[in-house]
Amino acid sequence: MTPDPAPEVLRYTAFSADPGGGNPAGVVLDASGLDEEAMLAVAAELGYSESAFLTERTGEGAYTIRYFSPKAEVPFCGHATVATALALAERDGPGELAFATAAGPVPVTVVREGGELRATLTSVTPRVEEIAAADLTEALAALDWAAADLDPALPPRIAYAGARHLVLAAATRERLADLDYDFARLEALMHRLDLTTLQLVWREGPEVFHVRNPFPVGGVVEDPATGAAAAAFGAYARELGLVPDAAVLTLHQGTDMGRPGTLTVELRTGDARIRVSGTGARIGGPPAPGVG
């Protein structure tokens with residue numbers, strides 16, 4: 001019997017129109033023939049923080065989507081969602097999409113602005129919770145941060161908008177820039193607390209933030225642009241009254257890694273969900289070999 005052909009694996013970056021910026025993701029627009037092991041193998045081979053797989057088309061513009069890091073499946077990934085939406089828009093044209101994720105339904109709108117495509121995802125209903133003092137102490141120890149390195153105006157919390165993230169605010173830009181953490185120690189804590197990344201932030205202005213995202217549970221030191229964490233941070237900022245109920249936040253990420261990107265986070269009055277938008281670009285070169 002002839003084996004099924006390997007799927008085409010596309011490469012896109014999200015949250016930057018420059019292929020050398022933002023966060024790269026693998027995208028498989030037809031993963032119907034792949035099982036979990038095969039999808040994980042594709043993600044591991046690519047080595048990006050996450051890759052996205054459309055496993056079923058359920059209607060016009062509607063798909064079931066799964067996300068894998070090089071080490072494991074994750075319930076939701078913002079940058080790979082944006083990358084997939086842009087890949088579909090390049091193939092089929094801009095419009096409305098509906099992704100069924102393990103975390104819940106995530107609608108995405110893709111529009112053309114000038115010469116660029118821009119995707120906006122709408123998160124599942126978010127939530128914010130306290131972190132235990134002992135767990136915060138362990139997180140700071142793994143990061144090699146002192147308690148004085150935190151900004152008291154932005155207290156630590158765990159925020160969720162499809163995946164769980166620990167939000168820690170640095171008191172200075174220099175503290176944020178100096179990231180050198182204990183990979184194994186932080187990974188162990190994150191597994192225990194079911195965290196996808198840490199959302200490390202520094203507030204430049206009322207609605208402008210710089211962020212970094214350690215991601216040891218995914219097998220990478222740092223995520224260059226993290227849409228799921230951006231959505232969670234939007235919920236965090238609103239819950240704590242740091243921004244108005246209706247606001248547009250700008251998150252700069254990836255600068256310290258040499259892959260600058262920009263994430264736009266929109267809060268709307270009367271809607272608990274968070275909208276995260278950004279541009280993207282196809283990364284050149286032949287498709288990566290798939291795993292049949």
Side-chain angles (χ1 to χ4, degrees), residues 23-25 36-37 39-51 66-80 101-103 124 126-151 154-171 175-202 210-233 235-236 253-254 256-257 259:
N23 197 353
E36 182 173 314
E37 182 180 357
M39 287 185 276
L40 181 60
V42 170
E45 182 177 356
L46 283 171
Y48 296 149
S49 55
E50 278 110 353
S51 294
R66 297 177 70 175
Y67 311 95
F68 286 82
S69 78
K71 292 181 70 172
E73 185 170 9
V74 297
F76 175 64
C77 172
H79 87 273
T101 79
V124 299
R127 59 180 182 267
V128 179
E129 63 190 66
E130 300 272 356
I131 179 171
D135 292 332
L136 174 59
T137 297
E138 178 62 13
L140 294 176
L143 290 169
D144 196 23
W145 284 23
D149 289 324
L150 295 175
D151 182 348
L154 282 74
R157 294 288 189 276
I158 294 173
Y160 168 90
R164 286 164 55 86
H165 306 267
L166 172 58
V167 180
L168 296 175
R175 173 68 279 180
L176 184 68
D178 184 16
L179 182 62
D180 183 16
Y181 67 90
D182 186 325
F183 190 97
R185 187 172 184 177
L186 187 59
E187 180 183 22
L189 174 67
M190 292 174 68
H191 277 303
R192 182 163 61 79
L193 298 181
D194 189 28
L195 300 175
T196 298
T197 73
L198 265 60
Q199 177 82 329
L200 307 179
V201 308
W202 175 71
H210 294 255
V211 301
R212 301 186 74 173
N213 286 78
F215 188 32
V217 295
V220 296
V221 173
E222 183 177 358
D223 201 24
T226 316
F233 180 74
Y236 161 92
Q253 189 175 350
D256 297 300
M257 300 177 66
R259 296 195 62 93

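For reference, positions follow the sequence shown, starting with 1. Just so it is clear, the values below take in all heavy atoms, side chains as well, and ignore hydrogens, waters and symmetry mates.
- No side-chain heavy atom of V167 sits under 4.5 Å from any side-chain heavy atom of L154.
- Residues V217 and H191 are in side-chain contact: their nearest non-hydrogen atoms beyond the backbone lie under 4.5 Å apart.
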- Message: Evaluate W202 against R175 for side chain to side chain contact (heavy atoms under 4.5 Å, CB included), listing each step before the verdict.
- Response: CA-CA 9 Å; W202 175 71; R175 173 68 279 180; over 6 Å; no

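- Judged by distance alone, with hydrogens and angles left aside, the side-chain atoms of H79 form a donor-acceptor pair with the main-chain N or O of P24 at under 3.5 Å.
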- Task: Tell me, with the steps shown, if V211 and Q199 meet side chain to side chain contact (heavy atoms under 4.5 Å, CB included).
- Result: CA-CA 7 Å; V211 301; Q199 177 82 329; 3.8 Å; yes

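- Between the side chain of R212 and the main chain of A177, a donor-acceptor pair closer than 3.5 Å is present.
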- Can T196 and T226 be said to form a side chain to side chain contact (heavy atoms under 4.5 Å, CB included), step by step? CA-CA 10 Å; T196 298; T226 316; over 6 Å; no

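- In this structure, the side chains of P155 and Y236 come closer than 4.5 Å at one or more pairs of heavy atoms.
- Looking only at side-chain heavy atoms (C-beta outward), E36 and R66 come within less than 4.5 Å of each other.
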- Item | R157 vs E130, side chain to side chain contact (heavy atoms under 4.5 Å, CB included): CA-CA, chis, key distance, verdict | CA-CA 5 Å; R157 294 288 189 276; E130 300 272 356; 3.5 Å; yes

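- Side chain to side chain, T197 and D223 fail the donor-acceptor criterion of an N or O pair below 3.5 Å.
- Here the options are L189, N213, L143, the test is side chain to side chain contact (heavy atoms under 4.5 Å, CB included), and the partner is L198; only L143 passes.
- Contact annotation: the side chain of L179 never approaches that of D256 to less than 4.5 Å [non-hydrogen atoms, C-beta and beyond].
- Looking only at side-chain heavy atoms (C-beta outward), Y48 and V220 stay at 4.5 Å or farther from each other.
- Remark: R127 engages no residue in a salt bridge (Lys or Arg N to Asp or Glu O under 4.0 Å) (not counting sequence neighbours).
- The closest donor-acceptor contact from the side chain of R164 to the backbone of L193 lies under 3.5 Å.
- Residues that satisfy the salt bridge (Lys or Arg N to Asp or Glu O under 4.0 Å) test with D144, not counting sequence neighbours, are absent from this structure.
- Between F76 and Y67, the ring planes lie perpendicular to each other; the angle is over 60°, past the 30° to 60° tilted range.
- Within the 3.5 Å criterion, the main-chain N or O of V221 finds a donor-acceptor partner in the side chain of Y181.
- For the pair R192 and D135, the minimum side-chain heavy-atom distance is below 4.5 Å.
- A distance-only check finds no donor-acceptor pair linking the side chain of E50 to the backbone of G218 [under 3.5 Å].
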